[in-house]
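What you see is a predicted model; the values in this text were computed from it and never measured.
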Amino acid sequence: GAGVSQTPSNKVTEKGKYVELRCDPISGHTALYWYRQSLGQGPEFLIYFQGTGAADDSGLPNDRFFAVRPEGSVSTLKIQRTERGDSAVYLCASSFQGAKETQYFGPGTRLLVL
Amino acid sequence: GESVGLHLPTLSVQEGDNSIINCAYSNSASDYFIWYKQESGKGPQFIIDIRSNMDKRQGQRVTVLLNKTVKHLSLQIAATQPGDSAVYFCAENVGGEKLTFGTGTRLTIIP
């Protein structure tokens, strides 16, 4: 596809469970970002990858959150021991090389923790 | 569809009129600014960006103005259409790669 894609589009889970959220960036984009958006708020930065490495993970709220990008393309955001406060829309974005280039967002994964 | 926000600042504009959406940013070191449009249930969509060495940039039906003295950014939409109804976010980049987003403004077009 031409744009950033994310799966699943919706995820409902129970408190304490583990979830994985997937992001497929635009082909050829080396920079990949994860953001989290709560209701009524703007997106908040979680983590940034340049290639396979996490160049900035300063936005991850705690050690229950982890993300990987093993081959420099697809990325997976992993949340352990989910809490109700983790409920939000998780957005992925990519840019060609980073460095203040346009970040293109995917449709997001809506996570609901019961 | 999902509501992006229930208590956002709201701007209502008559169809065909011009819209001006304002944004105050906090960090005087920010050097790159972007406007995004977000429709209900969708991810943010890039509209236009501007770097700190400019004070105005124009796109198709949109203009962004940057006033670094008062740390203010505005988005002007000419001849607004029903499809312009959405939540609009400004975002700033201070350094590094992450964007810091504002709260957002809900634009409603009155037919």
One pair to check against side-chain contact (heavy atoms from CB on, under 4.5 Å): A:Phe45 and B:Phe101. What are the steps and the verdict? CA-CA 9 Å; A:Phe45 171 80; B:Phe101 283 77; over 6 Å; no

Take atom CZ of A:Phe96 as the centre, draw a 6.0 Å sphere, and report whether it contains more than 12 heavy atoms from other residues, nucleotides or ligands. no

With no hydrogens and no angle check, is any side-chain donor or acceptor of A:Tyr104 less than 3.5 Å from a backbone partner on B:Gln45? no

Kindly give the heavy-atom pair with the smallest separation between B:Lys42 and A:Arg110, and that separation in Å. N-NH2, 3.6 Å

Considering all heavy atoms of both residues, which atom of B:Phe89 and which atom of A:Gln41 are nearest to each other, and what is their separation? CZ-O, 3.8 Å

Could you look at B:Ile34 and say if it's the side chain, the backbone, both or neither that has a heavy atom under 4.5 Å from chain A? neither

Identify the two heavy atoms, one from B:Glu97 and one from A:Tyr33, that lie closest to each other, and give their separation to 0.1 Å. OE1-OH, 3.0 Å

Quick check, are the ring centers of A:Phe105 and B:Tyr36 under 6.0 angstrom apart? yes

With a cut-off of 6.0 Å (strictly less than), are more than 12 heavy atoms of other residues, nucleotides or ligands near NZ of A:Lys17? no

Could you tell me which portion of A:Ser9 (side chain, backbone, both or neither) has an atom closer than 4.5 angstrom to a non-hydrogen atom of chain B? neither

Heavy-atom side-chain contact between A:Gln103 and B:Pro44 under 4.5 Å: no

Rounded to the nearest 0.5 angstrom, the CD1-OG1 distance for B:Ile47 and A:Thr102 is 12.0 Å

A:Glu44 versus chain B, the contacting section by heavy-atom distance below 4.5 Å: neither

Is the number of heavy atoms from other residues, nucleotides or ligands under 6.0 Å of B:Tyr32 OH greater than 12? yes

Nearest 0.5 Å, what's the NZ-CD1 distance between B:Lys98 and A:Ile47? 12.0 Å

In terms of heavy-atom pairs under 4.5 Å with chain A, the winner among B:Thr103, B:Leu99, B:Asn93, B:Asp31 is B:Leu99

